[in-house]
Number of protein chains: 2
Amino acid sequence: MARVLKEQKHDDGRRGDIVRAAAKLFRDKGYDGASMRAIANAVGMQCGSPFYHFASKQDILVAVVEEGLRQGLEKTRAVVKPNLPADAQFRALVKVHLSIILEDGNDFIPVMLYNWRCLDEVHQRRLIATKDEYDAIWQNAVNGLHNAGFLGGDTKFARLMVLGAMNFMVTWYKPKKGDSLDTLSDKVVAFFLSQHA
Amino acid sequence: MARVLKEQKHDDGRRGDIVRAAAKLFRDKGYDGASMRAIANAVGMQCGSPFYHFASKQDILVAVVEEGLRQGLEKTRAVVKPNLPADAQFRALVKVHLSIILEDGNDFIPVMLYNWRCLDEVHQRRLIATKDEYDAIWQNAVNGLHNAGFLGGDTKFARLMVLGAMNFMVTWYKPKKGDSLDTLSDKVVAFFLSQHA
DNA sequence: CCTACCGATCGGTAGG
DNA sequence: CCTACCGATCGGTAGG
């Protein structure tokens, strides 16, 4: 019990610092472009010290992606409400997703999206299970749009298009004064559901 | 004159082999993940030999992106026809773009899309001019959709959504027997223009 | 968590 | 275009 408490505190301390700093560096420079030395220095450590907390650089990447999926799934589940109209449910999910990939300090999911192939196959296979949960929530919401007449055709394809368009925003979105993620979410929703405005 | 001819032949020979091999490796492993040794070996050279053709690894990346933009712009311009109905023009552009990013051996533009930040700022600034030409063609087509009543709202945002959704296909599209880029183009067009089907 | 270090690999070069 | 090599940097480790 004491041991469990100690480990939890540990996770929230230096280990967590490393994961957050690595996420930022992986996002900015890519997995290969961010050296262990850079990660160590970002948290005020010497170059060998992160290996006290992680067995390898790969394990840090895994921790980043795991943390991203954990946070992302938590935030996403929190806005899923069974009695919401399809378009309102869609808007809520869009807003959460934009926050997950665009908001300052949320580097975990962008790292996952753009460094997925840097993960070992073993880790990919394990993490894909959680990714599937995430996709299933979205698939439900898109199916809801279809059933409510907002979308026709192939709903799996529709989900991929919607999420793809948003995920690619990571490459071009620059936050500007005056517009919030709320405004941006409205634009995304308006674009995809414009046929019923 | 003889010198010009010789250089042209040279470009189409070993230099071109290096650019094509590098494009494939940059696409598969990323710019940092693909070593000069791997690029050299892919064309049957020793590790120092590519430097007879290029001053640096960075210059190979620049050549890959330049070739991608050149080919892409050429193919794209070829399908732009002033008297085409807006939806037909859109479909033609979608098909060309899918071919550019998904067809086997077309690694140049995917490398550009996902290794853009590996380019020096100087090269980015120069290449962005050509990118803008590409975007302008698409903007025209999307404006055409808007004017014909296929789309409402912010047409620049619409362009970014449409291209983003397609560009992200690079991360999930796996060619399957029986479906062609024609079928896929139809699905993309149907999705974005479904409100007027 | 630091110090001091390892072997491996990297991009790039000189000389032919 | 090859051979042979360079200094720099990489991820990772042993010992404290």
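Residue numbering restarts at 1 for every chain, and letters A, B, ... go by the order of the sequence lines. Quick caveat: nothing in here was measured; it's all calculated off a predicted structure. Because only heavy atoms are used, hydrogens play no part in the values below, and waters and symmetry mates are left out as well, while side chains stay in.
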Looking at every strand, decide which applies to [X] at a 4.0 Å heavy-atom threshold: base, sugar-phosphate, or nothing.
X       : answer
A:Ser35 : sugar-phosphate
A:Ala40 : nothing
B:Gly33 : nothing
B:Ala38 : nothing

Whole Å only: how far is the [atom1] atom of [X] from the [atom2] atom of [N]?
X       : N      : atom1 : atom2 : result
B:Asp32 : D:dT9  : CG    : P     : 15 Å
A:Lys57 : D:dG11 : NZ    : C1'   : 8 Å
B:Ile39 : C:dG12 : CD1   : P     : 10 Å
A:Phe51 : C:dT3  : CZ    : P     : 16 Å
A:Met36 : C:dC6  : CE    : C1'   : 16 Å
A:Leu25 : D:dG11 : CG    : P     : 11 Å

Quiz item: Any idea which of C:dC5, C:dC2, D:dC5 is nearest the A:Cys47 side chain?
Solution: C:dC5

Quiz prompt | Per A:Tyr52 side chain, nearest of listed nucleotides D:dC1, C:dC2, C:dC1 | solution = C:dC1

Self-check item: Closest non-hydrogen atom pair between A:Ser185 and A:Leu98, with its separation
Solution: OG-CD1, 3.6 Å

Practice problem: Considering non-hydrogen atoms only, spot the tightest contact between B:Trp138 and B:Leu93 and give its length. | Solution: CZ2-O, 3.4 Å

Quiz item: Within the pair B:Arg37 and C:dT9, is there a side-chain N or O less than 4.0 Å away from OP1 or OP2?
Solution: no

Quiz item: Any donor and acceptor pair, going by atom type alone, linking the side chain of B:Arg159 with main-chain N or O of B:Ala141 inside 3.5 Å?
Solution: no

Quiz item: Is there side-chain contact between B:Phe54 and B:Leu61, with heavy atoms separated by less than 4.5 Å?
Solution: no

